[in-house]
Undergrad: 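Below is one structure. I have some questions about it.
Note on naming: letters A, B, ... go to the chains in the order of the sequence lines (proteins, then strands), and numbering restarts at 1 for each one. As a basis for the values below, the full set of heavy atoms in this structure was taken, side chains included, without hydrogen atoms, waters or symmetry mates.
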Amino acid sequence: MNSDTLPPEPALLERLRSAVGDDGVFTDPDRLLVYESDGLTQYRHPPSAVVLPRTAEELGRVVRVLHEAGRPFVGRGAGTGLSGGALAVRGAVVVGTSRMNRILELDPVNRRARVQAGVINAALTAAARPYGLIYAPDPSSQSACTLGGNVAENSGGPHCLKYGVTNRYVTGLTVVLPDGEIAELGGMGREDGGLDLVGVFVGSEGCFGIAAEIEVALVPAPLGVRTLLAIFETPADAGRAVTRIMARGLLPAALEIIDSATIRAVEASIFAAGYPTDAGAALVVEFDGVEEGLDREIEIAAECCSAAGAREVRTAADEEDRQGLWRGRKKAFGAMGRLAPDLLVQDATVPRTRLPDVLSRIAEIAARYELQVANVFHAGDGNLHPNLLFDRRDPDQVRRVEAASGEIMACCIEAGGTITGEHGVGLDKRKYMPMVCSSDVLVTMAGVKAAFDPWGRCNPGKVLPDGIGPRHQGAGRR
Amino acid sequence: MKPVMPERVLERMRRLLGEEGALASGQRVAAFPASPGEVGAVLRIAREEGWTVDPRGGGTADGEGDTPGAGAADLIVSSSRLGELVEHEPADLTFRAQAGLTVAALERRLAEEGQWLALDPPGGGRVTLGGMVASGVAGPLQAQFGRPRDQLLGVTLVDGSGRILVLGGRVVKNVAGFDLVRLVAGSRGGLGVITEVVFRLYPLPGDDRTLVWGFDDPLEAWEQGRALASLPLPLAAVEWLDGDWPEPLDGSGPRVLVRLLGSEEAVAGMRRVLEGVAGPPDRAWAGPESRKVAAAIAAGAAEGTAILRLHALPGEGAALLALVDQLAADRAALHLLGGTLRVSTRPAPADSTLQSMRAEAGRSGATLTVVRRGAREGGTGTEGPKSDFTGFSPPVAELHRRLTHEFDPGGILPGSWREAWSGEGGWVAAGKAGTRG
């Protein structure tokens, strides 16, 4: 054990306990193990301690104590992230929001809610539904992930094709800055004439501070929904159906494709959804809005699928049926666990028209490295998840996965895309950042980070590659 | 910061940009660079000479925090020679264009492909893409499509050191690094000069209709408008209007306007629900006529009027209406779902009137911005009251100071000198004040 992972000294622990109570601080290795990784399990770093505040004020006190002790720290929601972003490297203390799970205000008149950062995404929508409202961003982990984590990662989800991602809906934040100071940013119904600090805080991956309370805009639940499932011989055919649907001027709420490897994994699992196991790809298309016109839209989409060579098109007859059509897509990641001991969940975005081309290049790269790849993607957004299957006990497989990932990223960038569409950079993709950002942009990002965190103690070792720092030293607080 | 020798600066600019590329006006110079590289060189010269810079698009939000026309900056950097549509890939529903292209010119080009940029910023035909991004404000369509920041995928910014920063990308989902695109949107020139933008597009809807209901009483109109806005329908725009509006929105008095976009069936369905609540509309427009109504609202205020913008929670809009009751309002428009009231008035309100309105707004958590100062009785159009953004808390002020320093270490951009943004000298001074506080 190097000095980095040593628990904080007793005096510091005492101060943390006095900030949040004895039951809110722990350092026993068994309990720390829960916090050693997130959803991307190849990275493991147990924290030196975990602190669980209950309110914004407690969170502020905890961060101030850590700041005064010179201890790095990292905020953590439910740990469902997929980039290693919430891991405690460099001896950091984890500040968890699991006890900050209260919905503070539900205001249907102004269609907004104010929540503590640890509130679970799906719980907010459940609370808003009686008022005919929902919280629109719906990441696949929505039954577990927290709003605070969504803010840090600027999370997306299948329906963001039509509705947009988290930053569209966050209207105000109460944040704890890295020195423990509490700042109110933004807020619905006011305009302070300054910079969009809410906009830049969302997606800052926990590097600018920790969101304590979040104000979000809610939207009316759609009055009607129609869903279809189309089965194709190849992913390229499914991709052509997507192009046809968009060319007809339609804006579906979701357009999701899963490939044959994924279909077979789902059908062999407890989540079997009745997708044909010999299919090359399955496409889920959903429209929502007012009832009128939905039948016509789904009809047009069905025509587009048939014209692109679909061998089967099913339209959901009712809600139960609809959930069934979605099951294969929603449980894809869970089902892949059967295919190999380890799964590298990849994430990249390309312009939609480049999808067929990029998919065939990914297949070629995987074949060359003798790896199995299972694709799940948000086709309407061009957001790909080419997941690589491997066994991390075999160093040669690990090396091949690493090399193939790098080539897949390069291929997506070459197509005009980017290295992450919704999972974030975290620990995992820092090395790829110079492929998408010039050194001036990286240095500017470091400068913006330093404006929030001149001490570099808030979620250190994330997002920016090593060796990138701000150009103005001492630009920070006096 | 005192300008040195306009002749020398003019000479340096002309050597860089050609004879046509720079003009002098009294002690001030206007530069017209034609590429990001030229913008960078212009800003480096300004920094060397200690000249303050005001980035300028169509000049429609001139008052956003300061004096229009006779403004305080030594050097105006115009985007009028940056007007190209660089790239439009219809199948990807995105485009890349230079900052000086006007929204109106862009929409004409896009319509040929059956697409549109779903934003209708106030200011009318002169609004440029760069200006819209810099001001960050949105028109009636914000009800369904949000603000420019919500449709913006990428931006090229030349910062106060002359560095060319290509931020974001051209895909709709992108979380590679910190979101500097959103920091630039709405930064009002405070972080640099925007030279290029990338936006997402939408297919033109099958049907486009605008319905209007007239009322005798402004408050009655507001209540009915809120009732419509609160229906669980995806309304593209829902506005309360008062005053004399031009064709095709002629006539005066309080009105509620709803714009519906979508398939014919969906629009007809929404219309039935609206009529069930408010009865048949007094007037309705379809297709190109509906777009003309939107353009008339975007064009907004008449020449020479002062323009104020007030914000409150959408449910508290009635308080804003009461607040502006004391003004000789020419035209007023309130976004019933967004809570923004935009009011034009002639003559410009007296300083004391504005002060008391600001204080009153502050008591209910609302805010007030001067968009254009406008003319006083017998004046020339620039003597109306100024904006005043001095409401930053100490940590927020300190963040502004540090961020401004990162992008503009020489202190030449508006974030460093605009009096209205701190009461003394921009966000930088606001930061210092914050530290003292």
Undergrad: Checking heavy atoms, do the side chain of A/Leu133, its backbone, both or neither come under 4.5 Å from chain B?
TA: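 No part of A/Leu133 comes within 4.5 Å of chain B.
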Undergrad: What do the steps show when you test B/Glu398 against A/Glu181 for side chain to side chain contact (heavy atoms under 4.5 Å, CB included), and what is the final call?
TA: CA-CA 12 Å; B/Glu398 176 63 14; A/Glu181 191 150 19; over 6 Å; no
Undergrad: Which residue out of A/Leu161, A/Leu195, A/Val198 racks up the most heavy-atom pairs below 4.5 Å with chain B?
TA: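 Highest number of pairs under 4.5 Å: A/Leu195.
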Undergrad: Between A/Gly224, A/Ala221, A/Gly187, A/Gly189, who has the most heavy-atom pairs with chain B when the cutoff is under 4.5 Å?
TA: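 Option with the greatest count: A/Gly189.
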Undergrad: Under 4.5 Å between any side-chain heavy atoms of A/Met445 and B/Leu180, yes or no?
TA: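 They are in contact (side-chain heavy atoms under 4.5 Å apart), so the answer is yes.
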Undergrad: Does any non-hydrogen side-chain atom of A/Leu197 lie less than 4.5 Å from one of B/Leu399?
TA: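 They are in side-chain contact.
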Undergrad: For B/Pro409 versus A/Arg471, what's the shortest heavy-atom pair and its separation?
TA: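 Closest approach of B/Pro409 to A/Arg471: CD-NH2, 3.8 Å.
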Undergrad: Sort A/Ala415 into side chain, backbone, both or neither according to what part of it lies under 4.5 angstrom from a heavy atom of chain B.
TA: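 It is the backbone, since no side chain atom gets that close.
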Undergrad: Do you know which of B/Ala268, B/Pro203, B/Pro205 has the most heavy-atom pairs with chain A at a distance under 4.5 angstrom?
TA: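 Maximum pair count with chain A is reached by B/Pro203.
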Undergrad: Measuring heavy-atom distances to chain A, does B/Leu310 have an atom under 4.5 Å in its side chain, in its backbone, in both, or in neither?
TA: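 Contact with chain A involves no heavy atom of B/Leu310 at all.
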Undergrad: Looking at A/Glu205, A/Arg296, A/Glu297, A/His423, which makes the most heavy-atom pairs under 4.5 Å with chain B?
TA: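 The candidate making the most pairs under 4.5 Å is A/Arg296.
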Undergrad: Mind checking whether A/Arg111 and B/Leu337 have side chains closer than 4.5 Å, heavy atoms only?
TA: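 When only atoms from C-beta onward are counted, B/Leu337 and A/Arg111 do touch, with a gap below 4.5 Å.
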Undergrad: What part of A/Ile182 lies closer than 4.5 angstrom to a heavy atom of chain B: side chain, backbone, both or neither?
TA: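 Backbone of A/Ile182 only, per the 4.5 Å heavy-atom cut-off to chain B.
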Undergrad: Sort out for me which of A/Ile419, A/Val436, A/Leu223 touches chain B most, counting heavy-atom pairs under 4.5 Å.
TA: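 Of A/Ile419, A/Val436, A/Leu223, A/Leu223 has the most heavy-atom pairs under 4.5 Å with chain B.
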Undergrad: What part of A/Val219 gets within 4.5 angstrom of chain B, counting heavy atoms only: side chain, backbone, both, or neither?
TA: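 Neither part, no heavy atoms under 4.5 Å.
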Undergrad: Would you mind checking which part of B/Ser187 comes under 4.5 Å of any heavy atom in chain A, side chain (CB onward), backbone (N, CA, C, O), both or neither?
TA: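 Both the backbone and the side chain of B/Ser187 come within 4.5 Å of chain A.
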Undergrad: I'd like to check B/Pro314 versus A/Met188 (side-chain heavy atoms, cut-off strictly below 4.5 Å). Are they in contact?
TA: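 In short, these two side chains touch, coming nearer than 4.5 Å.
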Undergrad: Check each atom of A/Arg112 against the heavy atoms of chain B and say whether the ones under 4.5 Å are side chain, backbone, both or neither.
TA: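 Contact with chain B involves the side chain of A/Arg112 alone.
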Undergrad: Does any heavy atom of chain A fall under 4.5 Å from the side chain of B/Gln144, the backbone, both, or neither of them?
TA: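 B/Gln144 touches chain A through backbone heavy atoms alone.
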Undergrad: Please tell me if the side chains of B/Val171 and A/Asp381 come closer than 4.5 Å, counting only heavy atoms from C-beta onward.
TA: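 No. Closest side-chain heavy atoms not under 4.5 Å.
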Undergrad: Do the side chain of B/His400 and the main chain of A/Gly194 share a donor and acceptor less than 3.5 angstrom apart?
TA: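 Not a single qualifying donor-acceptor pair exists.
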Undergrad: Quick one, A/Pro220 and B/Leu233 - any side-chain contact, counting heavy atoms below 4.5 Å?
TA: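 The answer is no, as the side chains (C-beta and beyond) never meet within the 4.5 Å cut-off.
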Undergrad: Does any backbone or side-chain atom of A/Arg248 lie under 4.5 Å from a heavy atom of chain B? Answer side chain, backbone, both or neither.
TA: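 For A/Arg248, no heavy atom lies under 4.5 Å from chain B.
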Undergrad: I would like to know whether B/Val273 and A/Val290 meet side chain to side chain contact (heavy atoms under 4.5 Å, CB included); could you show each step before the answer?
TA: CA-CA 10 Å; B/Val273 177; A/Val290 290; over 6 Å; no
Undergrad: Just by distance, do the side chain of A/Asp440 and the backbone of B/Leu165 share a donor-acceptor pair under 3.5 Å?
TA: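 No, because the side chain of A/Asp440 does not come within donor-acceptor range (under 3.5 Å) of the backbone of B/Leu165.
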Undergrad: Is A/Val109 in contact with chain B via its backbone, its side chain, both, or neither, using a 4.5 Å heavy-atom distance?
TA: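 Both parts, backbone and side chain.
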Undergrad: Can you tell me how far apart OG (B/Ser263) and CG (A/Leu294) are? Round to the nearest 0.5 Å.
TA: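 Answer rounded to 0.5 Å: 8.0 Å.
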Undergrad: So which residues of residues 145-153 of chain B are in contact with chain A at a heavy-atom cut-off of under 4.5 Å?
TA: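 Heavy-atom contacts from residues 145-153 of chain B to chain A are B/Phe145, B/Gly146, B/Arg149, B/Asp150.
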Undergrad: Highest number of heavy-atom pairs under 4.5 Å with chain B: which of A/Arg430, A/Glu291, A/Arg190, A/Met246?
TA: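 If we count pairs closer than 4.5 Å to chain B, A/Arg190 comes out on top.
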Undergrad: Is it the backbone or the side chain of B/Leu157 that comes under 4.5 Å from a heavy atom of chain A, or both, or neither?
TA: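 For B/Leu157, no heavy atom lies under 4.5 Å from chain A.
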Undergrad: Which answer fits A/Glu153, side chain, backbone, both or neither, if we ask what part of it has an atom under 4.5 Å from a heavy atom of chain B?
TA: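 Looking at A/Glu153, just its backbone touches chain B.
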Undergrad: Measuring from A/Glu184:CD to B/Phe392:CZ, what's the distance to the nearest 0.5 Å?
TA: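 Between A/Glu184 CD and B/Phe392 CZ, I get 14.5 Å after rounding to 0.5 Å.
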Undergrad: Check whether any side-chain heavy atom of A/Val202 sits under 4.5 Å from a side-chain heavy atom of B/Asp179, and report yes or no.
TA: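 Contact flag for A/Val202/B/Asp179 side chains = no.
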Undergrad: With the side chain counted from C-beta on, respond yes when B/Lys173 and A/Thr418 share a heavy-atom pair under 4.5 Å apart, and no when they do not.
TA: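 When only atoms from C-beta onward are counted, A/Thr418 and B/Lys173 do not touch, as no gap falls below 4.5 Å.
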Undergrad: I'd like to verify something: which residue of A/Val463, A/Leu464, A/Asp107, A/Asp347 has the highest number of heavy-atom pairs under 4.5 Å with chain B?
TA: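 So the answer, after comparing A/Val463, A/Leu464, A/Asp107, A/Asp347, is A/Val463.
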Undergrad: Using non-hydrogen atoms only, which part of B/Leu183 is less than 4.5 Å away from chain A: side chain, backbone, both, or neither?
TA: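 Both backbone and side chain.
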Undergrad: Check each atom of B/Ala361 against the heavy atoms of chain A and say whether the ones under 4.5 Å are side chain, backbone, both or neither.
TA: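 The answer is neither part of B/Ala361.
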Undergrad: Regarding A/Glu191 and B/Thr369, do their side chains bring together a donor and an acceptor under 3.5 Å, going by distance alone?
TA: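 Yes, B/Thr369 and A/Glu191 have a side-chain donor paired with an acceptor closer than 3.5 Å.
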Undergrad: Where on B/Ala229 is there a heavy atom nearer than 4.5 Å to chain A: the side chain, the backbone, both, or neither?
TA: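 B/Ala229 touches chain A through backbone heavy atoms alone.
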Undergrad: Is there a salt bridge (Lys or Arg N to Asp or Glu O under 4.0 Å) between B/Arg188 and A/Asp196 once you walk through the steps?
TA: CA-CA 11 Å; B/Arg188 296 182 167 98; A/Asp196 185 358; over 6 Å; no
Undergrad: Under a 4.5 Å heavy-atom cut-off, does chain B meet the side chain of A/Leu251, its backbone, both or neither?
TA: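 For A/Leu251, the side chain is the part near chain B, not the backbone.
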Undergrad: Please look at A/His378 and chain B and tell me whether the side chain, the backbone, both or neither of the residue comes under 4.5 angstrom of a heavy atom of that chain.
TA: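 When you check distances to chain B, only side chain atoms of A/His378 fall under 4.5 Å.
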Undergrad: Say whether B/Arg163 and A/Thr444, considering side chains only, have a donor N or O and an acceptor N or O under 3.5 Å apart.
TA: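 Checked: B/Arg163/A/Thr444 side chains pair up, N/O donor to acceptor below 3.5 Å.
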Undergrad: Chain A heavy atoms under 4.5 Å from B/Ser161: which part of the residue, side chain, backbone, both or neither?
TA: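 Looking at B/Ser161, just its side chain touches chain A.
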Undergrad: Quick check on A/Phe201 against chain B: is it the side chain, the backbone, both or neither that has a heavy atom closer than 4.5 Å?
TA: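 A/Phe201 has no heavy atom closer than 4.5 Å to chain B.
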Undergrad: Where the side chain of B/Arg402 meets the backbone of A/Ala451, is there a donor-acceptor pair that is under 3.5 Å apart?
TA: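 It does hold such a pair.
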Undergrad: Side chain, backbone, both or neither: which part of A/Val448 has a heavy atom under 4.5 Å from chain B?
TA: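 Contact with chain B is through both the backbone and side chain of A/Val448.
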Undergrad: Which pair of non-hydrogen atoms, one from A/Leu177 and one from B/Pro395, has the smallest distance, and what is that distance?
TA: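 Nearest pair, atom of A/Leu177 first, then B/Pro395: CD1-CB, 3.9 Å.
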Undergrad: Using non-hydrogen atoms only, which part of A/Arg352 is less than 4.5 Å away from chain B: side chain, backbone, both, or neither?
TA: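 Its backbone and side chain both get close to chain B.
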Undergrad: Using non-hydrogen atoms only, which part of A/Asp295 is less than 4.5 Å away from chain B: side chain, backbone, both, or neither?
TA: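 Contact with chain B involves no heavy atom of A/Asp295 at all.
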